[in-house]
Amino acid sequence: NKAFDKAGQSVFMKDDSQHADGRATGLAEWARATASIADIPQSAALVPVSDDASFRRYFRFSEGGAGLVFVDAPPEHEDNESFVKISAALCEAGLNCPEVKAFDYNLGYLAVTDLGDRLYLDELMENPSAVPSLYRDAIRAILKLLPVTCELPPYDALKLKTEMDLFHEWFLVGQLGLKVDSDVAQMLEEVYECLISSALEQPAVFVHRDFHSRNLMVEAAANPGIIDFQDALVGPVTYDLVSLYKDCYYQFDRNLVEQVVDDFRQELASRGLVASDVPMLRWFDLMGAQRHLKCLGVFSRLNLRDGKPGYLADIPLVVDYLVETSAIYPELERLHKWLLAEIMPKVSDLKQVMR
């Protein structure tokens, strides 16, 4: 369902030669053999829709297919059982997500309902006047996500720390080639502890973990369509709002963000989920810092390990978010000074390389 290529651009690929491999052939055979889900003519070709940032790939048939997308999700890399389980829970909660019509855990093949190709990000770029209504819909979806339950693991201190370690390994050392001395390493550990503490102060709810403009589809009815939910956890209540309004691919005005966060605080308080005086904006900003440290590591890993350099173009905005947040909170002052002195010049060099 997610229609973007390695450079992060919207795409619907017509030439499937690059995907003429054994797994794609096997997926086509499996789809045809699963006769109960779709009538697929023998003349129909399996057409790639997209890759994404994981090992997952999405396909449609050139004819037939009954409104389905067929997913190649290698079982050694992807948690397909979680995808099926979470999809069922979201559908039951009245959310619009790909409904699983057939699956084979051993093969790593799935057939899911087709939510189309129109990403929120496409709409933001081409129709800015639609932004307010699209994001009202998205916030309503987050509020419906909060109480969803389906035996998810917790977003605990170990998980939060493991994600931030990607920043050191893949971004600082791998992508930028920095040698991190003991003083910087100690400073980062203190930052990590601060961010983890803030995250764990928050009420724990269903967290999609990637609720942003490339994982939301524009739908005429039941907007938005929600994809890429298989990594959901039970975690901090601000997390999905952070993904939405501190999006790594689209930036909102800070004044608007602060108003949205305050409105969210009031809504949660009215539902009895938080006290009316909780430090929601601080929670939100520090959660964003944790997420963006992780994202810098992930984007660098996608480039260095997986051969997907398109995500490097998103690094400057993510660093800007960290600079902005670290300027606000005294406990992040050392991080702020280090980012300005050591990281921003390297990011400027990275921009030059990308040109």
Side-chain angles (χ1 to χ4, degrees), residues 1-2 37 52-56 58 68-69 71-113 115 138-166 195-212 215-217 222 224-244 264 267-268 271-274 283 287 290-291 294 298:
N1 277 40
K2 186 155 54 172
I37 60 169
D52 70 10
S54 71
F55 291 92
R56 217 172 291 109
Y58 303 88
L68 296 176
V69 167
V71 186
D72 170 25
E76 66 272 22
H77 297 299
E78 301 297 334
D79 186 353
N80 295 317
E81 293 188 34
S82 289
F83 185 96
V84 173
K85 176 179 69 174
I86 297 168
S87 170
L90 297 186
C91 289
E92 185 176 348
L95 290 150
N96 184 12
C97 73
E99 181 182 356
V100 180
K101 295 296 188 180
F103 60 86
D104 187 311
Y105 290 143
N106 291 328
L107 293 174
Y109 296 147
L110 301 93
V112 303
T113 52
L115 299 187
I139 291 173
R140 279 195 290 267
I142 289 176
L143 293 170
K144 291 177 75 172
L145 282 169
L146 298 180
V148 170
T149 58
C150 53
E151 299 178 359
L152 297 174
Y155 211 163
D156 58 16
L158 177 61
K159 182 67 174 175
L160 292 161
K161 175 62 165 56
T162 299
E163 291 181 341
M164 289 185 287
D165 286 341
L166 299 175
L195 301 183
I196 290 169
S197 176
S198 177
L200 297 182
E201 285 176 12
Q202 303 181 37
V205 297
F206 180 99
V207 175
H208 177 291
R209 289 182 68 212
D210 244 354
F211 196 88
H212 57 66
N215 283 336
L216 298 175
M217 314 297 294
I226 302 169
I227 61 175
D228 264 21
F229 43 74
Q230 63 280 342
D231 294 324
L233 296 171
V234 175
V237 72
T238 61
Y239 195 95
D240 285 344
L241 193 70
V242 165
S243 301
L244 188 66
F264 192 69
E267 180 62 33
L268 295 186
R271 296 173 180 229
L273 294 175
V274 300
W283 283 354
M287 193 76 260
Q290 188 278 339
R291 176 171 170 78
K294 176 192 79 169
V298 170

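Keep in mind the model is a prediction, meaning the values are calculated, not measured.
Considering all non-hydrogen atoms of both residues, N80 and P75 come closest at ND2-CA, 4.2 Å. Closest approach of I196 and A157 over heavy atoms only: CG2-CB, 3.8 Å. Residue A93 comes nearest to K144 through the heavy atom pair O-CE, 3.6 Å, listed as atom of the first residue, atom of the second, then distance. Contact detail for S82 and Q230: the closest heavy-atom pair is CB-O, 3.8 Å. The nearest pair of heavy atoms linking C91 to E99 is SG-CB, 4.1 Å.
How far CG of D72 is from CZ of F55: 11.5 Å, rounded to the nearest 0.5 Å. Interatomic distance, D228 CG to C97 SG, rounded to the nearest 0.5 Å: 11.5 Å. Atom CD1 of I142 and atom CZ of R140 lie 12.0 Å apart (nearest 0.5 Å). Between the CG atom in L195 and the NZ atom in K161 there is a gap of 11.5 Å [rounded to 0.5 Å]. With values rounded to the nearest 0.5 angstrom, I86 atom CD1 is found 8.0 Å from L233 atom CG. If you take CD on E201 and CH2 on W283, they are separated by 6.5 Å, rounding to the nearest 0.5 Å.
The closest side-chain heavy-atom distance from V207 to L152 is not below 4.5 Å. Looking only at side-chain heavy atoms (C-beta outward), P236 and Y155 come within less than 4.5 Å of each other. Between V71 and F83, every side-chain heavy-atom pair lies at or beyond the 4.5 Å cut-off. In this structure, L273 and P203 have side chains that are not in contact, with every pair of non-hydrogen atoms separated by 4.5 Å or more. Counting only heavy atoms from C-beta outward, the side chains of Y58 and V112 never approach each other to under 4.5 Å. Residues F229 and L90 form a side-chain contact, since some pair of their non-hydrogen atoms from C-beta on lies under 4.5 Å apart. Between I227 and P98 there is a side-chain heavy-atom pair separated by less than 4.5 Å. No side-chain heavy atom of D231 sits less than 4.5 Å from a side-chain heavy atom of D210.
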V234 vs F206, test: side-chain contact (heavy atoms from CB on, under 4.5 Å). Steps then yes/no.
CA-CA 5 Å; V234 175; F206 180 99; 6.0 Å; no
**OP:** Apply the test side-chain contact (heavy atoms from CB on, under 4.5 Å) to residues M287 and L160: give CA-CA distance (whole Å), side-chain angles for both, the deciding distance (0.1 Å), then the verdict.
**Re:** CA-CA 10 Å; M287 193 76 260; L160 292 161; 4.0 Å; yes
Discussion item. Could you walk me through whether V84 and L110 satisfy the side-chain contact (heavy atoms from CB on, under 4.5 Å) test, starting with their C-alpha distance in whole Å, then the side-chain angles of each, then the deciding distance to 0.1 Å, before giving a yes or no?
Written reply: CA-CA 9 Å; V84 173; L110 301 93; 3.9 Å; yes
Step by step, work out the side-chain contact (heavy atoms from CB on, under 4.5 Å) result for R271 and L143.
CA-CA 10 Å; R271 296 173 180 229; L143 293 170; 3.7 Å; yes
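Partner N96 forms a side chain to side chain contact (heavy atoms under 4.5 Å, CB included) with one of T113, L216, L115 and no other, that one being L115. None of R291, H208, R209 except one satisfies the side-chain hydrogen bond (donor to acceptor under 3.5 Å, both in side chains) rule with Y239; the exception is R291.
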